[in-house]
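Accompanying notes for the structure given below.
Computed over heavy atoms, backbone and side chain alike; hydrogens, waters and symmetry mates excluded. In this text, all values refer to a predicted model and were calculated from it rather than measured experimentally. In what follows, every chain begins at residue 1, and chains take the letters A, B, ... in the order their sequences are listed.
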Amino acid sequence: MSFIEVLINNMPSFLAALVLTLQLAVCALIIATIIGTITGIFTVSVHKTLQVISGIYIDLIRGTPLLVQTFIIYYGLAQVLRPYGFQWAKLGGPFTAGVVTLSINAGAYMAEIVRGGITAVDSGQVEAARSLGLSSWQTMRKIILPQAFKTMLPSLINQFIISIKDTSLISIIGIRELTQNGKILAANSISRVMLIWLVVALFYFIICTLLARFAKIVERKIAYGSRK
Amino acid sequence: MAAENKIEVKNLHKCYGDIEVLKGMNITVKEGEVVCLIGPSGSGKSTFLRCLNRLEERTSGDILINQKNLYDKKTDINQLRQNIGMVFQHFNLFENLNITDNITLAPVMLRKMNKTAAEQKAIELLTTVGLADKADSYPTQLSGGQKQRCAIARSLAMNPDIMLFDEPTSALDPEMVGEVLNVMKELAANGMTMVVVTHEMGFAREVSDRVIFMDDGQIVEEGTPENIFEHPQMKRTRDFLNKIL
């Protein structure tokens with residue numbers, strides 16, 4: 001069957017592209033989780049400045065398309081910062097630019113998820129911790145975040161899945177990840193365009209489905225006390 | 001020798017926007033004293049209690065805990081709260097921690113107690129409240145009465161010298177009220193300084209040294225349980241007691 005044929009004949013290029021997609025996604029998601037957690041905490045901070053700064057960041061990112069953000073960061077920044085000797089090539093090229101863009105993008109969405117998770121924690125939990133003498137940061141770390149994490153997990157995994165698929169948009173700046181690889185293969189073999197794109201889709205489908213399954217298992221594991 | 005003043009409240013006012021919920025409260029609680037606050041819903045009892053450890057901010061007035069002004073800039077509120085236990089209507093056990101960890105969290109984190117010693121102490125406390133077999137359970141696996149007894153044990157683990165109770169039995173099924181009150185009685189008998197907001201008139205009558213009747217953000221009448229329950233002086237107090245007794 002020609003689907004299998006396409007897959008096997010192009011296996012090395014698909015695998016290399018898959019690795020690049022995964023590297024892009026993993027790097028971006030780690031950074032995005034850090035950005036998201038910090039900005040998410042800022043949005044519920046008592047300090048007005050932090051609240052405003054994180055609010056503006058979230059609005060800007062959510063209000064503009066990822067593709068435009070990619071161009072601004074890859075081409076725009078390069079142009080503006082060139083006089084200061086800045087070049088993406090010196091920092092790892094389009095891959096780094098892709099990671100930066102995806103991190104900043106996903107970070108904003110995760111901040112909203114973190115904020116939602118934190119505000120969903122019962123205020124009585126906070127009062128109990130503060131009444132024992134815990135500082136607000138100790139309360140955040142020991143009580144609020146662990147509980148928020150539980151409610152956040154489904155949305156967080158959802159965001160992971162979205163970001164993994166968003167890596168395909170980053171192909172536009174010339175990273176040979178799955179989508180870019182598909183484009184190149186398809187251009188060289190017009191008669192198999194459909195099959196090539198189906199194989200590309202299959203790769204994304206497998207990663208995303210595995211992640212969703214994994215999330216279900218983790219969710220069950222952390223349902224403290226209620227299920228065994 | 002007169003007992004030391006543990007709590008002194010001077011002309012405490014508290015407003016939410018335009019609404020004044022505490023209209024000048026003056027209360028002194030001495031060491032080892034058990035004071036019960038009674039009164040209709042919305043009279044400001046809970047708000048007053050929550051001002052005592054700054055879970056609520058006052059609008060004006062002063063609060064001294066162990067002669068330390070709660071609002072002094074030099075007062076470390078987190079430090080001060082370590083000595084004031086608080087028990088809530090809805091228990092507020094930490095849902096992400098099991099019973100032992102609920103109890104050991106604060107002593108280990110704030111008192112730098114080592115984990116084994118803290119767990120040892122947790123077991124002792126759980127034994128006194130009759131929950132030794134629940135050490136590894138999670139809050140969701142406990143009944144209301146068990147949760148509240150555990151919450152009391154959690155507060156006691158910090159060796160507080162004052163305990164605040166905010167309607168500790170109001171969210172309990174009737175048959176569980178007794179088990180919680182018994183723990184509180186024992187605490188009172190052991191000389192703990194306690195301020196209790198309650199609707200349990202039997203408890204107030206039996207255990208407290210002083211009963212304070214509050215209405216509309218003010219103290220209407222205060223005195224020994226006998227004075228308040230048998231010979232209330234104010235009409236407002238009589239009306240309230242007639243309605244609920």
Side-chain angles (χ1 to χ4, degrees), chain A residues 33 36-37 40-41 44-48 51 113-157 215-228, chain B residues 46 49-50 52-56 76-99 101-111 134 136-142 147-148 150-160 162-166 171:
Chain A
T33 306
T37 309
I41 292 172
V44 295
S45 160
V46 287
H47 301 284
K48 264 273 170 308
Q51 259 186 48
I113 296 171
V114 171
R115 188 189 61 77
I118 290 175
T119 45
V121 174
D122 177 28
S123 61
Q125 298 284 311
V126 180
E127 290 181 353
R130 299 307 305 273
S131 78
L132 285 166
L134 269 70
S135 68
S136 54
W137 172 240
Q138 288 168 328
T139 305
M140 182 60 79
R141 202 158 48 90
K142 289 287 180 180
I143 306 300
I144 303 177
L145 286 182
Q147 291 189 27
F149 180 71
K150 204 180 124 182
T151 44
M152 272 157 37
L153 194 67
S155 330
L156 221 46
I157 298 293
K216 280 267 173 286
I217 297 169
V218 176
E219 242 175 273
R220 223 170 297 144
K221 275 251 152 64
I222 63 166
Y224 17 80
S226 42
R227 261 167 281 168
K228 281 284 143 167
Chain B
S46 289
L49 193 77
R50 291 158 56 82
L52 296 181
N53 65 354
R54 280 188 76 173
L55 281 187
E56 295 287 349
D76 178 353
I77 185 67
N78 293 328
Q79 184 71 42
L80 202 66
R81 279 174 178 155
Q82 293 181 20
N83 299 316
I84 311 173
M86 187 164 202
V87 175
F88 300 85
Q89 182 176 359
H90 295 289
F91 332 123
N92 300 344
L93 289 180
F94 303 130
E95 284 164 24
N96 56 321
L97 303 176
N98 72 21
I99 297 307
D101 292 341
N102 259 277
I103 297 174
T104 57
L105 175 74
V108 170
M109 216 171 177
L110 306 173
R111 291 261 155 88
K134 299 290 181 193
D136 297 326
S137 302
Y138 277 85
T140 48
Q141 297 166 320
L142 267 54
K147 281 185 200 172
Q148 195 60 299
C150 171
I152 295 173
R154 175 177 67 181
S155 294
L156 293 177
M158 290 297 280
N159 288 323
I162 298 169
M163 284 287 284
L164 308 176
F165 292 85
D166 188 5

Would you call R50(B) and E127(A) a salt bridge, using N to O less than 4.0 angstrom? yes
Heavy-atom proximity to chain A below 4.5 Å, by part of F94(B): both
For the CG atom of L110(B) and the CG atom of L134(A), what is their distance to the nearest 0.5 Å? 5.0 Å
As an exercise, state the distance from CZ of F149(A) to CG of N96(B), rounded to the nearest 0.5 Å. 12.5 Å
Given that the side chain runs from C-beta out, which part of L93(B) has a heavy atom under 4.5 Å from chain A: side chain, backbone, both or neither? backbone
Under 4.5 Å heavy-atom distance to chain A, tell me which part of L55(B) shows up: side chain, backbone, both or neither. side chain
The residue among I99(B), D101(B), N102(B), N98(B) that forms side chain to side chain contact (heavy atoms under 4.5 Å, CB included) with Y138(B) is N98(B)
Out of Q89(B), M109(B), M86(B), R154(B), which one racks up the most heavy-atom pairs below 4.5 Å with chain A? M109(B)
